[in-house]
There are 2 protein chains.
Amino acid sequence: MAIPRAARTQRKTRIQEERQELILEAALDVFSASGFRGSTLDQIAEAAGMSKPNLLYYFRTKEAIHRQLIDRVLTTWLEPLRVFDAAGDPESEIRSYIRRKLEMARDFPRESRLFANEILQGAPHIEDELKGPLKELVDEKAEVIRSWARAGKIARCDPYHLIFSIWSTTQHYADFDVQVRAVLGQANSGEGRFEDAARFLEALFMDGLRVR
Amino acid sequence: MAIPRAARTQRKTRIQEERQELILEAALDVFSASGFRGSTLDQIAEAAGMSKPNLLYYFRTKEAIHRQLIDRVLTTWLEPLRVFDAAGDPESEIRSYIRRKLEMARDFPRESRLFANEILQGAPHIEDELKGPLKELVDEKAEVIRSWARAGKIARCDPYHLIFSIWSTTQHYADFDVQVRAVLGQANSGEGRFEDAARFLEALFMDGLRVR
DNA sequence: CGATAAATTGACCGCTTGGTAAAAGCTTAC
DNA sequence: GTAAGCTTTTACCAAGCGGTCAATTTATCG
C-alpha cells in the first residue's frame, strides 16, 4: 500500500487531482440531495464510478469530503457580496446583487442546498466561519448600505435584515424548488420562473408594493 | 401482548393519547434538529423518556411518526394563509400576514425546520399535498391579490412570487437561525431581532427601498 | 381481591453503515 | 526490464440501525 495517502501528500499526481475532483462532484450531487447523514459512502462511490475503498483512498473519511465541499462552496457563495461596491450607484449595486444571487440559485442549486442543509442542522461544521469571516464581510457591507441611507440615496432601513431578505428570497428558488414547482404547476415551473422572480424581486426591493 | 396495537385501535385510552402526544413532541425536537435520516429511534425514545420497543408500541415505524408530524404541521402551517381575507383592506391583510408568519417563525421554529428539511430533501412524503391542497390554496389567494392589483389598491406584481417572498423572508428567521445569530452577533441576536425584522419586512413590502 | 387487557422492557436479529487490511494490478523513472 | 511507488479491489469488521419477540409489570374493572 502507498504510505503517503492522498490527503497527506503535498505534491499531487495528475490522477489524484482528477479523481478528487470527480469525487467532490459526485459528493455534491449526493450530499445536496440527501444531507450529510442521509448520504452514504456507497452512494457517493457509485456516483463517482469507483469502489468505496478507492474513494476512501482519496478522502480519509466521509466528513473530510463534506468539509472540503463546504469550504469550497462557502468561498464562492459569498463572492457576489464581496463585489458589492461602496463607490457604485446604490440602485444598480442592489439590483445586480439580487440578480447575481438569483442567478446562483438557478445555476448552482446543489451548492445552495448543501449550504442550507448545513445551516438547518445547526451548522455543526462551520459555526466559526459564520461568526468570523462571514460576519465581518456582512458588517462591512452593512456599513456601506447604512452610509447610502445617511446620504439619502435609499430609504433608511436595517441593512442586516435587508441582506437577510435578499439571501432568503433568492435562495428560496433553489432550496424550496420542489415547493415552488408544485405551486406554480406545470405551466410556470420552467426556466421562465427565474425571469418572473427577477422582475418581481427587483420591483419589490426598489418600490415595494406601494400600498395606498 | 396486547393484540390491538395503538395504531390499529379505534378507541384510544387516556394513556395512549398522552404517550402518543409525548412521542410526537419528542420526535419534533429530534427530527427538526437532525432531519429524518439523521434522527434515530433511540434518540426519540430517550427524548420521550421511554424504551425503543415501547415507542414502537405506539407507532409501528419511524416513518409513521414522521408522517403524522408532517401532516399535523402542514395543517397548522398554512392557517395564516387561510385567514387571508379577500374582503379585507389590502394593506392590513398583507401586513398582518407577514406579522403572523414571522410570529410563527419565532414561536414554532421546530415546525418550520421540520418542514424545511422535508422540502429540501425533495418532499418525498408530501409531494401530493403540495401539488394538491397547497397549490389550490395559493391559487385562490393569488387571485385575491391579483384583484387588488387590478383595482389599483396595490402595485401590479406577480402574486405567486409575492407569496414566495413572504414565506422565504419570514421562515428564514427560523430555518437559518444559526446564521442569523452568527451574523448579528451577541448584541442583536436576542428576541429583539424579531421586532427589527418585523419593522424591516413591513417597510420593505409596503414601500421598498425607494431608491432614487 | 382476582382476572383480563394494556403497557413496558431486555434480549435479540438482520441489515446497512463507515471504515480497514492486504494483496493484486498499474505507472513511472531509471 | 525492473524496481518502487501509486492505484484499485476483494474480503472483511465492528458499530449502529430499525424493528421483533417473549416475558414481565402495571392499570382497569367487576
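Chain letters run A, B, ... following the sequence lines, proteins first and then strands; every chain starts at 1.
Between A:Asp175 and A:Arg113, no side-chain nitrogen of the basic residue sits less than 4.0 Å from a carboxylate oxygen of the acidic one, so the salt-bridge criterion is not met. Ion pair B:Arg100/B:Glu103 not flagged as a salt bridge, since none of the NZ, NE, NH1 or NH2 atoms sits closer than 4.0 Å to an Asp/Glu carboxylate oxygen. The existence of a salt bridge linking A:Arg110 and A:Asp29 is confirmed by a sub-4.0 Å separation between a basic side-chain nitrogen and an acidic carboxylate oxygen.
When each of A:Arg37 and A:Ser51 is assigned the nucleotide of DNA chain D with its nearest heavy atom, A:Ser51 is the one assigned upstream, toward the 5' end.
Rounded to whole angstrom, the span from the NZ atom of A:Lys62 across to the P atom of C:dG19 amounts to 8 Å. Across the protein-nucleic acid pair, B:Leu41 atom CG and C:dG14 atom P stand 19 Å apart, rounded to whole Å. A:Arg19 has its CZ atom 12 Å from the P atom of C:dT27, to the nearest Å.
Residue A:Tyr57 has its side chain nearest to D:dT8 when only C:dA7, D:dG19, D:dT8 are considered. The side chain of A:Tyr58 lies closest to D:dT7 when the candidates are C:dT17, D:dT7, D:dG19.
If you look at B:Trp167 and B:Tyr160, their ring centroids are not closer than 6.0 Å.
Within the 4.0 Å cut-off from OP1 or OP2 of D:dC6, not a single side-chain nitrogen or oxygen of A:Gln16 is found. Contact check, B:Asn54 against C:dA7: no side-chain N or O comes under 4.0 Å of OP1 or OP2.
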